[in-house]
Amino acid sequence: MAKTVGRREAQVGGSRIRVTCLDSVGIIGQLLCHVRLWGYATSIHQELRAWSLPWSAADPRRNAFEWDDDEGARLTALVAPMTPPADVDRMENFRFIREVTALLASRYGRWACGWDWSTHNGGPVAAWCCDAHSVGEAEETAARIVAALLEWRDWLEDMAERFERLAPLPDADAGDRSWHLERAVTRLVSTVVDRTHAESAWYGLCDTTLTWFLSSTGLGPEEAEKAVEAAIGGRFKSWVEPALTVVDAVGEDLAVRLTGRGFYRER
């Protein structure tokens with residue numbers, strides 16, 4: 001599927017990699033227009049954390065993306081020379097991962113920062129594990145990064161489709177809206193559990209997904225985040241798949257908090 005990428009340029013010159021900025025505005029423009037990756041020296045801003053992304057930055061329908069074999073080859077050519085040697089310490093691997101994140105965000109948009117949110121750490125990406133297991137030979141590492149980026153993008157596109165199907169109608173009354181919100185929570189939490197296998201900190205992706213869903217319906221990001229946090233209330237745990245009764249309770253709490261109306265179970 002054709003998707004549009006906005007970028008100015010990215011040049012490869014041996015081990016010296018220069019990344020210039022997107023033709024963009026706002027946070028990502030301010031953050032990355034000055035990024036230069038000379039060797040392996042850079043840092044990552046908090047705004048390039050997947051769980052910090054507002055839905056406006058993650059929504060694939062607002063952040064176009066074009067991919068084909070040629071673009072895959074170009075990205076591989078950029079990433080492979082950045083890969084550290086096998087005998088470096090873990091801090092060098094961490095630095096490499098941060099640099100890749102900055103590169104992907106500058107090339108494709110801020111949404112790309114979630115490429116390494118692996119199922120190992122409660123995320124939706126299976127193609128990437130962690131620095132200890134995923135950073136290896138240059139070409140293999142670059143291939144894993146490409147696969148992880150595309151997997152993350154697929155997750156975002158899947159979420160956008162689900163959000164559209166689950167959203168209340170714009171003219172829904174409080175009762176209908178409550179029903180739709182509780183149903184959405186139940187289905188989205190189940191989707192996250194299936195994808196993450198309820199691994200370590202899987203609830204982080206759950207928090208983010210539910211916050212994105214509420215944002216997609218028009219709720220402000222801060223209000224959405226507070227509503228989700230209050231509804232979950234610490235009931236989700238690492239390595240524990242929540243019981244259906246717990247998921248139902250979270251959905252009902254969220255719906256009542258936002259609409260003032262309970263869920264009509266006879267529907």
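This is a predicted model, so every value here is computed, not measured. This chain uses plain numbering: 1 for the first residue, then up along the sequence.
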### Query
Side chains of R110 and L48: does their closest heavy-atom pair fall under 4.5 Å?
yes

### Message
Quick check for you: to the nearest 0.5 Å, what is the distance between T209 atom OG1 and W51 atom CH2?
### Response
13.5 Å

### Atom pair CZ/CZ of R187 and R183 - distance to nearest 0.5 Å
4.5 Å

### Message
Between E92 and F96, is there a side-chain heavy-atom distance shorter than 4.5 Å?
### Response
no

### Message
Strictly below 4.0 Å, N to O, side chains only: are E222 and K226 in salt-bridge contact?
### Response
no

### Query
Quick check: does any side chain N or O of N121 sit under 3.5 Å from a backbone N or O of W117, one acting as donor and the other as acceptor?
no

### Message
List the residues meeting side-chain contact (heavy atoms from CB on, under 4.5 Å) with T211, not counting sequence neighbours, and say none if there are none.
### Response
S215, A224, E225, V228

### Task
Starting at NE2 of H180, measure out to CG of L166 and round the result to the nearest 0.5 Å.
8.5 Å

### Query
OG1/T186 to CG/D248 distance, rounded to the nearest 0.5 angstrom?
5.0 Å

### By ring-ring contact (aromatic ring centres under 6.0 Å, His included) - contacts of W202 (at least two apart)
F236

### Query
Which ring-ring contact (aromatic ring centres under 6.0 Å, His included) pairs, counting each pair once, include a residue from residues 119-141, with sequence neighbours left out?
W115-W128

### Task
Considering only NZ, NE, NH1 and NH2 on the basic side and carboxylate oxygens on the acidic side, decide whether R74 and E71 come within less than 4.0 Å.
yes

### Message
Test your reading of the model: is there a side-chain donor-acceptor pair from E241 to the backbone of H197, 3.5 Å cut-off?
### Response
no

### Task
Using the side-chain contact (heavy atoms from CB on, under 4.5 Å) rule, take L254 and L181 through it: C-alpha gap first, then chi angles, then the decisive distance, then the call.
CA-CA 8 Å; L254 183 66; L181 290 175; 5.5 Å; no

### Message
Could you check whether any side-chain heavy atom of L156 comes within less than 4.5 Å of a side-chain heavy atom of D59, counting everything from C-beta outward?
### Response
no

### Task
Kindly confirm or rule out a cation-pi arrangement of R153 over W67, judged by NZ or CZ under 6.0 Å from the six-membered ring centre and within 45° of its axis?
no

### salt bridge (Lys or Arg N to Asp or Glu O under 4.0 Å) involving D253 - partner list, sequence neighbours excluded
R235

Please table the atom pairs, donor to acceptor, closer than 3.5 Å between any side-chain atom in residues 134-142 and protein atoms at least two apart or in another chain.
residue: S134; atom: OG; partner: C129; partner atom: N; Å: 2.8
residue: S134; atom: OG; partner: C130; partner atom: N; Å: 3.3
residue: S134; atom: OG; partner: C130; partner atom: O; Å: 3.3
residue: T141; atom: OG1; partner: G136; partner atom: N; Å: 2.7
residue: T141; atom: OG1; partner: G136; partner atom: O; Å: 3.3
residue: T141; atom: OG1; partner: E137; partner atom: O; Å: 2.8

### Message
If you define the side chain from C-beta out and look only at heavy atoms, does anything of P124 sit under 4.5 Å from T196?
### Response
no

### Task
Quick one: do F163 and W55 satisfy ring-ring contact (aromatic ring centres under 6.0 Å, His included)? Show the steps, please.
CA-CA 11 Å; F163 294 171; W55 181 236; 5.0 Å; yes

### Query
Under the salt bridge (Lys or Arg N to Asp or Glu O under 4.0 Å) criterion, do R261 and E182 qualify, and how do the steps go?
CA-CA 11 Å; R261 297 288 296 275; E182 182 165 351; over 6 Å; no

### Query
Are the side chains of L149 and L75 in touch, meaning some heavy atoms are under 4.5 Å apart?
yes

### Task
Give, for atom CG of L214 and atom CG of L188, the distance between the pair rounded to the nearest 0.5 Å.
9.0 Å

### Task
For atom CZ of R61, decide whether the heavy atoms of other residues, nucleotides or ligands shown that lie under 6.0 angstrom number more than 12.
yes

### Query
Any donor-acceptor pair under 3.5 Å linking the side chain of N63 with the backbone of S56?
yes

#### Entry: W155 and L205, any side-chain heavy atoms less than 4.5 Å apart
yes

### Query
When you look at CG of D69, are more than 12 heavy atoms from neighbouring residues, nucleotides or ligands closer to it than 6.0 Å?
no

#### Entry: Atom pair CE (M159) and CZ (R162), whose distance is rounded to the nearest 0.5 Å
5.0 Å

### Message
Using a 3.5 Å distance criterion without hydrogens, assess whether the side chain of S238 forms a donor-acceptor pair with backbone atoms of A201.
### Response
yes

## Note on the structure
Besides W239, the hydrophobic cluster formed by Ile, Leu, Val, Met, Phe, Trp and Tyr side chains linked at under 4.5 Å, directly or via other members, contains none

### Query
Do D173 and R177 meet the salt-bridge criterion of a basic N to acidic O distance under 4.0 Å?
no

